[in-house]
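Below you'll find the structure, written out as structure tokens, and then a few comments.
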Amino acid sequence: MAGGGEFKRDQNYITTRITADGRDGFPVEPGRYRLIIARACPWANRAAIVRRLLGLEDVLSMGIAGPLHDERSWSFDLDPGGRDPVLGIERLQEAFFKRDPDYPRGITVPALVDIPTGQVVTNDFAQITLDFGSEWAAHHRDGAPDLYPEKLRDEIDDVAAKVFTDLNNGVYKCGFATSQEAYDKAYRQLWDRLDWLEERLTTRRYLVGDAITEADVRLFPTLVRFDAVYHGHFKCNRHKLSELPALWAYARDLFQTPGFGDTIDFEQIKTHYYGVHRTVNPTGIVPLGPDPSGWLTQHGRDELGGRPFGDGTAPGPPPAGERVPPLV
């Protein structure tokens, strides 16, 4: 937290990369690494989506931390015995401390862990998905989409930077503000950006180009959490997402696209935000609503054209052990 009550995110991540040539000491190898996520976390959600879209499930296993954590970090309380079945650890913190016993910063997801040594390689969430698309290309499924096409990279980067500053991180700047002035500023920036997105998506199906790109992957996790947690819990309450015609239809379009909605567990999302953020929600009571069934209603975005996967194809269903509960 910065002076004036503004929330400042620590963006100092472990920037070691897993690359095809292994230049940082960690070459891409099937079965060597484990992606650790939490269904609750929007930053981890990005990595889970890209892994699905590119078909990396058979070469990169995934561990799923539970929605609650304490000051010692995310724990594997969803697994039998409370331990990740591959890494054998109770908390993600253990993998960070194997890398650096004095690791001083937050224990965050997503994280890529080197299975042989049990140490975290990186938690640099923005670079992780880009590297999935490039460094892991030899292991992509047939029909994997190009989420970061070279000719669109400048525009993708520009849109993604705006979305990160004002929306992805902006909801946190609203929710964790400790002064009225800081909250008001973050709220105005958030809604200016949402209005910009609403206008942009009124006439185009996807954020950049005519297919899904990294820009859409980075926006979706915030939108899908908006009505469930950000609108009320973080006081981002000018409108609900479901009251913004273009954004609501766009979000439903993506939710119903293989690789997106099949990574979402609304109960874990709500349990995390309302249960962990006790300075915001001291009682820890988790709301029963909103009704998620609207995510499956017709969106009509097909009329705008576009090809969800570009020249590629849809991914198959998620592995049995990674399926989320169906919406009811």
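For this chain, numbers begin at 1 and follow the sequence in order. Just so you know, these numbers use all the heavy atoms, side chains as well, and skip hydrogens, waters and symmetry mates.
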Minimum-distance pair of heavy atoms, taken over all atoms of [X] and [Y]:
{"X": "Ala48", "Y": "Met62", "answer": "CB-SD, 4.3 Å"}
{"X": "Phe76", "Y": "Leu92", "answer": "CE1-N, 3.8 Å"}
{"X": "Ala211", "Y": "Gly310", "answer": "CB-N, 3.6 Å"}
{"X": "Ala182", "Y": "Glu6", "answer": "CB-CG, 3.6 Å"}
{"X": "Ile115", "Y": "Ser61", "answer": "CD1-OG, 4.3 Å"}
{"X": "Ala186", "Y": "Gly170", "answer": "CB-O, 4.4 Å"}

Answer with yes or no whether the hydrophobic clustering places [X] together with [Y]; edges join I, L, V, M, F, W, Y residues whose side-chain heavy atoms lie under 4.5 Å apart.
{"X": "Tyr206", "Y": "Leu53", "result": "yes"}
{"X": "Leu35", "Y": "Val86", "result": "no"}
{"X": "Leu87", "Y": "Trp74", "result": "yes"}
{"X": "Ile107", "Y": "Trp43", "result": "no"}

Evaluate whether atom [atom1] of [X] has more than 12 neighbouring non-hydrogen atoms of other residues, nucleotides or ligands under 6.0 angstrom away.
{"X": "Asp21", "atom1": "CG", "value": "yes"}
{"X": "Asp154", "atom1": "CG", "value": "no"}
{"X": "Lys185", "atom1": "NZ", "value": "no"}
{"X": "Asp311", "atom1": "CG", "value": "no"}
{"X": "Glu181", "atom1": "CD", "value": "no"}

Does a side-chain N-to-carboxylate-O contact under 4.0 Å join Lys162 and Asp158?
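Yes.
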
Is Arg205 paired with Glu303 through a side-chain N to carboxylate O contact shorter than 4.0 Å?
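Between Arg205 and Glu303 there is no salt bridge, as every charged N stays at least 4.0 Å from the carboxylate O atoms.
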
How far apart are the C-alpha atoms of Asp227 and Ser242, what are their side-chain angles, what is the distance that settles it, and do they pass the side chain to side chain donor-acceptor pair (under 3.5 Å) test?
CA-CA 8 Å; Asp227 286 2; Ser242 58; 3.3 Å; yes

Between Asp192 and Asp166, does a side chain to side chain contact (heavy atoms under 4.5 Å, CB included) hold up when you go through it step by step?
CA-CA 8 Å; Asp192 284 348; Asp166 298 331; over 6 Å; no

Parallel, tilted or perpendicular: ring planes of [X] versus [Y], cut at 30 and 60 degrees:
{"X": "Trp191", "Y": "Tyr187", "answer": "tilted"}
{"X": "Tyr273", "Y": "Tyr172", "answer": "tilted"}
{"X": "Phe96", "Y": "Tyr103", "answer": "tilted"}
{"X": "Phe255", "Y": "Phe220", "answer": "tilted"}

Residue from Asn45, Asp253, Ile212 passing side-chain contact (heavy atoms from CB on, under 4.5 Å) with Phe260:
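The passing option is Ile212.
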
Please test Gln119 against Val113 for side chain to side chain contact (heavy atoms under 4.5 Å, CB included), starting from the C-alpha separation and ending with a verdict.
CA-CA 6 Å; Gln119 66 175 271; Val113 179; 5.9 Å; no

If you apply the rule side chain to side chain contact (heavy atoms under 4.5 Å, CB included), what do you find for His277 with His272, and how did you get there?
CA-CA 8 Å; His277 301 156; His272 170 72; 4.1 Å; yes

Looking at side-chain heavy atoms only, is the closest gap between [X] and [Y] below 4.5 Å?
{"X": "Tyr250", "Y": "Leu207", "result": "yes"}
{"X": "Ile269", "Y": "Arg39", "result": "no"}
{"X": "Tyr274", "Y": "Ile285", "result": "no"}

Full working for side chain to side chain donor-acceptor pair (under 3.5 Å) between Arg9 and Asn168:
CA-CA 11 Å; Arg9 181 176 298 279; Asn168 298 144; over 6 Å; no

Side chain to side chain donor-acceptor pair (under 3.5 Å) between Arg141 and Thr313: does it pass, once the steps are laid out?
CA-CA 10 Å; Arg141 66 178 176 87; Thr313 58; 3.1 Å; yes

Do Asp24 and Thr19 pair up side chain to side chain, a donor and an acceptor below 3.5 Å, judged on atom types alone?
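Side-chain D/A pair, Asp24 to Thr19: absent.
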
Cut-off 3.5 Å, side chains only: do Thr108 and Asn123 have a donor facing an acceptor?
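The answer is yes; a qualifying pair exists.
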
Assess the residue pair Leu247 and Arg200 against the criterion (side chain to side chain contact (heavy atoms under 4.5 Å, CB included)); give the C-alpha distance rounded to whole Å, side-chain angles, the decisive distance to 0.1 Å, and a yes or no.
CA-CA 9 Å; Leu247 274 165; Arg200 185 179 181 94; over 6 Å; no

Without placing hydrogens or testing angles, list every side-chain donor-acceptor pair under 3.5 Å for residues 288-298, not counting sequence neighbours.
residue: Asp291; atom: OD1; partner: Ser293; partner atom: N; Å: 2.9
residue: Asp291; atom: OD1; partner: Ser293; partner atom: OG; Å: 3.0
residue: Asp291; atom: OD2; partner: Ser293; partner atom: OG; Å: 3.1
residue: Thr297; atom: OG1; partner: Arg252; partner atom: NE; Å: 3.1
residue: Thr297; atom: OG1; partner: Gly294; partner atom: O; Å: 2.7

